Peer 1: 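Pasting a structure below so you can have a look.
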Amino acid sequence: MSSKLLTISPHFPVLNTATTLSSSTPSKPELSFPPHHRNFHSLSERTHIPSHVYKHPTAILLELCTSMKELHQILPLIIKNGLYSELLFQTKLVSLFCKYGSPSESARVFHSIEDKLDVFYHTLLKGYAKNSSLEDAFSFFVRMRYDDVRPVVYNFTYLMKALGDNSDLKRGKEIHGQLIKHGFGSNLFAMTSVVNMYAKCREIGEAYKMFDRMPERDLVSWNTIIAGYAQNGYAMMALDLVLRMQNELQKPDSITLVTVLPAVADMMSLKIGKSVHGYVVRAGFDSLVNISTALVDMYSKCRSLGTARLIFDRMDNKTVVSWNSMIDGYVQSEQPKEAMAIFRNMLDKGFEPTNVTIMEALHACADLGDLEQGKFVHKLLDKLKLGYDVSVMNSLISMYSKCKKVDIAAKLFENLRDKTRVTWNAMILGYAQNGCINEALSCFSEMQSQNIKLDSFTMVSVITALAELSVTRQAKWIHGLVIRTCLDKNVFVMTALVDMYAKCGAIHTARQLFDMMDERHVTTWNAMIDGYGTHGLGKASVDLFNEMQKGTIKPNDITFLCVISACSHSGLVKEGLQYFESMKKDYGLDPAMDHYGAMVDLLGRAGKLNDAWDFIQKMPTEPGISVFGAMLGACRIHKNVELGEKAAKKIFELNPEEGGYHVLLSNIYATASMWDKMAKVRTVMEKKGLQKTPGCSLVDLRNEVHSFYSGSTSHPQSKQIYAFLQTLGDKIKAAGYVPDTNSIHDVEDDVKEQLLNSHSEKLAIAFGLLNTRPGTTIHIRKNLRVCGDCHNATKYISLVTGREIIVRDMHRFHHFKNGTCSCGDYW
DNA sequence: ATAGGGTTAG
């Protein structure tokens, strides 16, 4: 008979039936109390609510209460009118504080109640489970057990929900046990919550076991297990269950399908996606906003932009999310221009962008390298008050870095208070990609000193910086760190390492790492193929490319660029031509400007200047600077004034920003002793304000990198270096070296030699030889192409000193040893 | 329901 008390709803409407409640009504089995219940006597006395209480103006006011603010205004009235200890008000207060999200205030009322009805426990537990921490809910549940309040089924469902949300498997299992002990092991609601808990704890097998044992199931329990499979990445299983539920005469609803679609999207499985879409249409759900939005996102992620766009365009009630998904689709498919068009369209239509929209737009701007649009998006932030969203700030830093404005990125970074690991990673990479190696490395050490844990992204960024630095010592150090941090199975990290070792001249180490990798991306292959190419190991490069073609990773446009330029460096003209053909024929890849440039380089370098020129004439698109630049370079190597002039004319029409092409032409004239024309080119250059990039060579000694500019005397050891070069010059001349002074005009012979001796690479080599022990290999990096005389001299230097000298120039490596160079004088 | 930072080439 006491069970009826539980049917007192804490909500107002029921109160009018207070009198009927006290008459006996049959109880539901799971709500029954044992007769020894501690509140047995006091309860029946308290169920009657006198009319002066429920008709009190304050009670009416409380009935009209709709917010926490109003509740706080009514509370003093309750106390003032001496109603605080009335059952009606206790009931309402406990429940309303929970309803408005403050179980702690609810608890204050609860604790003040002398004879606590079970409903108070139930209400407060629900309040804790829904609004507070799992800890609060759990410890209140323990207290409830201690106070000998018998749990009811929805105590378990709320608790299970909180346990699942916190992925607390250990306590989830414990409560599952108690649930069974209390006889709810076959209860539909209880078991659905158990299924959900196991699924949320990623124990999908256990979840299914529970689902399978349920004696009855409803739509919610089917949706729970289907969502469980979907969210654990089993889209196929989820779809199977959708079919199975129909066999068991349970019709899926839109929620069923809207949980399956994101899983399909994550899998990027267009086939499964289409069959879900088919079901959506047959069930007539295709006009629902959330379904079409999920479909747009699914098709976008499956790179089926046409279909995504079709559904998107047909939606007459688009939401921000559907716009965002559409923009993301274009960004992911590397169509940033389209992405920006959609973004602009969205603004025009008056939709207010969210942080996700802004991030997507910034991503597109970064891919385009479009600073102006990037700034436009940046300006929008202030209007939208999104300027304090860390994620947005991270995207901004990345955007500015990719648009070559690393200084702006750095300023944003410095002013940002709430940096996350992502922020640090974006900044380090930004520095690295803009050639600011020192900044990148000091940013990394700052990050470490602030005890921010590094991850694979950090590692990739630092390795990218060190690849640029190309110092073997640092390369080995970071490799050690990769191993110590257990990141040596990460494809991105390992690919960066392969590239870094190749750039340090340690091509065999690079290959060892490459061979050890279990998983490789197309970039991994590209890095290795290009590594061989820049080392002049054309055969190895081609072999690796052929091996790649046998595997499952498909070559991309960059692969072809790498392999063709590898052929170019090694004079493999036939192979290069064949790959160029195959690119379109076998892989459907359209050659871009760079590919044409590489082909002209291939033909031209091999001395087939006329073929190269013909090749340019037959190009289907207008040749760009890089193509004629390759032609001009080839003309310089093969001393062809006529074609060189033709190529240069084209280049100058295109207004290059760099002075390098004028220098090339002037070198061609110099070699041909056409001094007047040479002088003319130099004058034009000056008039246009074009600068010759100064030659600069780097050499690392212990923990420092020393840089030498052509003709510079600013290094502390400068005097010694020049003196050393003098004596070294005598030694190599004795061994057969003849200075190549042909390209210098107007000065005495000894001055010509002095000029040659002040080339940056010679200074760097001399410095390296002076400061290292005999037998040590010298590593040099030069920003331009190594000059002919220096190349020849270095061969002799390696002979007379017995040193190995490795020079990395703008395009490739030269390994000098015993008087010869790995490039075979073909470069 | 949508999301931030990653490797190759130039």
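The sequence lines fix the lettering, A, B, ..., with proteins before strands; numbering per chain opens at 1. Just so it is clear, the model here is predicted, and its values are computed rather than measured.
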Peer 1: Looking at A/Lys318, does any N or O in its side chain come under 4.0 Å of the phosphate oxygens OP1/OP2 on B/dA1?
Peer 2: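 It does not, given that no N or O in the side chain of A/Lys318 lies less than 4.0 Å from OP1 or OP2 of B/dA1.
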Peer 1: Show every side-chain hydrogen bond (donor to acceptor under 3.5 Å, both in side chains) that has at least one partner inside residues 333-344 of chain A, sequence neighbours left out.
Peer 2: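 Sorted pair list: A/Arg344-A/Gln373.
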Peer 1: Please give, in whole Å, the distance from B/dA9 P to A/Ile558 CD1?
Peer 2: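 So the CD1-P distance, A/Ile558 to B/dA9, works out to 8 Å.
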Peer 1: Can you give one letter per nucleotide of nucleotides 2-7 of chain B, going 5' to 3': B for a protein heavy atom under 4.0 Å from the base, S for sugar-phosphate only, - for none?
Peer 2: BBBBBB
Peer 1: With a cut-off of under 6.0 Å to the ring centre and 45° to the axis, is A/Arg520 in cation-pi contact with A/Phe514?
Peer 2: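 A/Arg520 over A/Phe514 ring: yes.
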Peer 1: Starting from C1' on B/dT8, measure out to NE2 on A/His595 and report it in whole angstrom.
Peer 2: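 That distance rounds to 12 Å.
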Peer 1: Return the value, rounded to whole Å, for the distance between atom CZ of A/Arg812 and atom C1' of B/dA9.
Peer 2: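 After rounding, the reported distance stands at 17 Å.
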Peer 1: So, A/Lys301 and A/Asp297, do they make that salt bridge, N to O below 4.0 Å?
Peer 2: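 Looking at A/Lys301 and A/Asp297, the cut-off is met.
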Peer 1: In whole angstroms, how far is the P atom of B/dT8 from the CD atom of A/Glu519?
Peer 2: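 Spelled out: CD on A/Glu519 to P on B/dT8 is 17 Å.
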Peer 1: Is a donor on one side and an acceptor on the other found under 3.5 Å between the side chain of A/Asp455 and the backbone of A/Phe457?
Peer 2: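 Between the backbone of A/Phe457 and the side chain of A/Asp455 there is a qualifying donor-acceptor contact (under 3.5 Å).
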Peer 1: Taking CZ from A/Phe560 and P from B/dG10, how many angstroms apart are they, rounded to a whole number?
Peer 2: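 Whole-Å distance recorded here is 16 Å.
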Peer 1: Whole-Å distance between B/dT8 P and A/Leu513 CG?
Peer 2: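 That distance rounds to 15 Å.
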Peer 1: How about A/Ile255: does its CD1 atom have over 12 heavy atoms from other parts shown lying under 6.0 Å from it?
Peer 2: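 Atom CD1 in A/Ile255 is not crowded, with 12 or fewer foreign heavy atoms closer than 6.0 Å.
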Peer 1: Could you check how far CD of A/Glu468 sits from P of B/dT8, rounded to whole Å?
Peer 2: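 Taking atom P of B/dT8 as the reference, CD of A/Glu468 is at 10 Å.
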Peer 1: Who passes side chain to side chain donor-acceptor pair (under 3.5 Å) against A/Tyr229, sequence neighbours left out?
Peer 2: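 For A/Tyr229, no residue satisfies side chain to side chain donor-acceptor pair (under 3.5 Å) once neighbours in sequence are set aside.
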